[in-house]
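See below for the structure under consideration.
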Amino acid sequence: MTEIESKIDEKEQKILHGIPMWPQEKINRFRETLLSWYDIEKRDLPWRKNNDPYRIWVSEIMLQQTRVDTVIPYYLNFMNNFPTIEALANAHEDVLLKAWEGLGYYSRVRNMQKAAQQIMEDYDGEMPKDPKEISKLKGIGPYTTGAIASMAFGLPEPAVDGNVMRVLSRLFEIDADIAKPGNRKIFEAIMRELIDPYKPGDFNQAFMDLGSSICTPKNYHPELSPVKEFNQSYQNGTWDKYPVKSKKKKAKPVYYVGAIIKNAEGAFLLEKRPENGLLANMWTFPLIEEESVTHEAEIKKGTLTGVTDENKTEQVIKNVMAELEAKYAVKPTLMEQPFDEVQHIFSHLKWFVAVYYGQVVKEEEPMFIPENCYWVHPSDFDHYTFPGPQTKMWQSYLSKFNHN
């Protein structure tokens, strides 16, 4: 580039959403520096063994809201059970949910199966290559579209997630709130300028690795970054101010009574949840809204485990038993106090479950429990998909009563 061309280039510096972009020469050096670091330091992950779009897709969906170390065994098991898009499309939902059990956010795997069925019906069983077509698939948003397009098909599409926005915020001192969905376009526009057109998949993954290993939310060490010379916040000593991120609203508390009920044969009462809504089609011990058993006893929400007043305790037990008989057709003998309170956080709700234990003897066992309920022996629990709250209740029961 001549001196005249350089001056013209400086005058015509691109501004994206108010962010001055680097000149092309600096972008080229940044690409080379970042990719050289990635070639040496990249993590050895099972979905990086090849550029199979199905493997990349599954891994990226699993990695949403979940740590890499947690995902790896789930990923390997999932690929063993559903090795192809066709296998995923045809899987029985109970088997599919069981393979996902423990990862949470079950809508992810349900949407993934719907997308697999779309691919079988509309794309002859092959993941489409066009980003516009990929984005039409159920449950696939801009980030996953970019990940598949770049990693599987070598297209220069940005894959912008929280890691990437954090890194970019610090590189360019961007004040845009990364928690606001509308600001994603700012980061996507910058990534389109930066992304390496010859190695877009590696470039996106390098950003992800950088954000998860060095440019982390709380343990950020800018002096160790391979791209510190490009980092404006490091150069200006402002790195701890980025990214700008507003706090999430607190999860709404919801209070339940959970009833672990065992019959004379050693089986436990399980209930299948409705087809729609939270924890759809999953299995739990009976759950009763706390208000329905505490209103007459004048007990404050969420305090069942600390109630010592005998009259109030007696009233609560009567109400719990009445609810169990009305909803589940069982008449168990219950402990006077809940033996634990388990908590589970969903994205928008926080459950508090006061857990009671009870037994029904053979002659009192009802003939007709609801159609969505079964008596299940613990040896058969592996055939039923349990959500997080159910698993916590069961583990608490085992620890309190020393059962194996």
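For clarity, every value in this text was computed on a predicted model and none was experimentally measured.
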Between [X] (side chain only) and [Y] (backbone N and O only), is there a donor and an acceptor less than 3.5 Å apart?
{"X": "Asp209", "Y": "Lys42", "answer": "no"}
{"X": "Ser396", "Y": "Lys392", "answer": "no"}
{"X": "Arg108", "Y": "Met62", "answer": "yes"}
{"X": "Tyr74", "Y": "Glu101", "answer": "yes"}
{"X": "Arg170", "Y": "Tyr242", "answer": "yes"}
{"X": "Arg55", "Y": "Asn50", "answer": "no"}
{"X": "Thr144", "Y": "Ile140", "answer": "no"}

Suppose we call two aromatic rings close when their centres sit under 6.0 Å apart. Are [X] and [Y] close by that rule?
{"X": "Tyr374", "Y": "Trp283", "result": "yes"}
{"X": "Phe172", "Y": "Trp22", "result": "yes"}
{"X": "Tyr357", "Y": "Phe339", "result": "no"}
{"X": "Tyr397", "Y": "Phe268", "result": "yes"}
{"X": "His344", "Y": "Phe346", "result": "yes"}

Atom of [X], atom of [Y] and distance for their closest heavy-atom approach:
{"X": "Trp351", "Y": "Leu279", "value": "CH2-CD1, 3.8 Å"}
{"X": "Lys245", "Y": "Ala179", "value": "CG-CB, 4.0 Å"}
{"X": "Pro53", "Y": "Ile148", "value": "CB-CG2, 4.3 Å"}
{"X": "His377", "Y": "Gly266", "value": "CD2-O, 3.6 Å"}
{"X": "Leu324", "Y": "Ala259", "value": "CD2-CB, 3.9 Å"}
{"X": "Ala189", "Y": "Leu16", "value": "O-CD1, 3.6 Å"}

Asn28 vs Gln24, side-chain hydrogen bond (donor to acceptor under 3.5 Å, both in side chains): CA-CA, chis, key distance, verdict: CA-CA 6 Å; Asn28 291 341; Gln24 190 61 48; 3.0 Å; yes
Ionic contact status for [Y] with [X], cut-off 4.0 Å:
{"X": "Lys327", "Y": "Glu271", "answer": "no"}
{"X": "Lys136", "Y": "Glu133", "answer": "yes"}
{"X": "Arg29", "Y": "Glu25", "answer": "yes"}
{"X": "Lys272", "Y": "Glu371", "answer": "no"}
{"X": "Lys49", "Y": "Asp44", "answer": "yes"}

4.5 Å side-chain heavy-atom contact, [X] and [Y]:
{"X": "Pro20", "Y": "Ile15", "value": "yes"}
{"X": "Leu210", "Y": "Trp37", "value": "yes"}
{"X": "Pro197", "Y": "Arg31", "value": "yes"}
{"X": "Val257", "Y": "Pro338", "value": "no"}
{"X": "Pro243", "Y": "Ile174", "value": "no"}

To the closest 0.5 Å, what do you measure between [atom1] ([X]) and [atom2] ([Y])?
{"X": "Phe78", "Y": "Ile61", "atom1": "CZ", "atom2": "CD1", "value": "10.0 Å"}
{"X": "Ile85", "Y": "Tyr123", "atom1": "CD1", "atom2": "OH", "value": "12.0 Å"}
{"X": "Leu171", "Y": "Ser233", "atom1": "CG", "atom2": "OG", "value": "7.0 Å"}
{"X": "Glu157", "Y": "Asn204", "atom1": "CD", "atom2": "CG", "value": "9.5 Å"}
{"X": "Ile134", "Y": "Leu155", "atom1": "CD1", "atom2": "CG", "value": "7.5 Å"}

Stepwise side chain to side chain contact (heavy atoms under 4.5 Å, CB included) check, Ile119 with Trp57: CA-CA 13 Å; Ile119 293 171; Trp57 173 34; 4.0 Å; yes
Short side-chain donor-acceptor distance under 3.5 Å, Ser212 and Asn163: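 Result is no, nothing qualifies.
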Aromatic Phe386 / basic Lys98 pairing, under 6.0 angstrom, 45° off normal: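 Yes.
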Worked verdict on Gln315 versus Asn319 for side-chain hydrogen bond (donor to acceptor under 3.5 Å, both in side chains): CA-CA 6 Å; Gln315 183 63 58; Asn319 291 345; 3.1 Å; yes
Which residues share a side-chain hydrogen bond (donor to acceptor under 3.5 Å, both in side chains) with Gln118, sequence neighbours left out: none
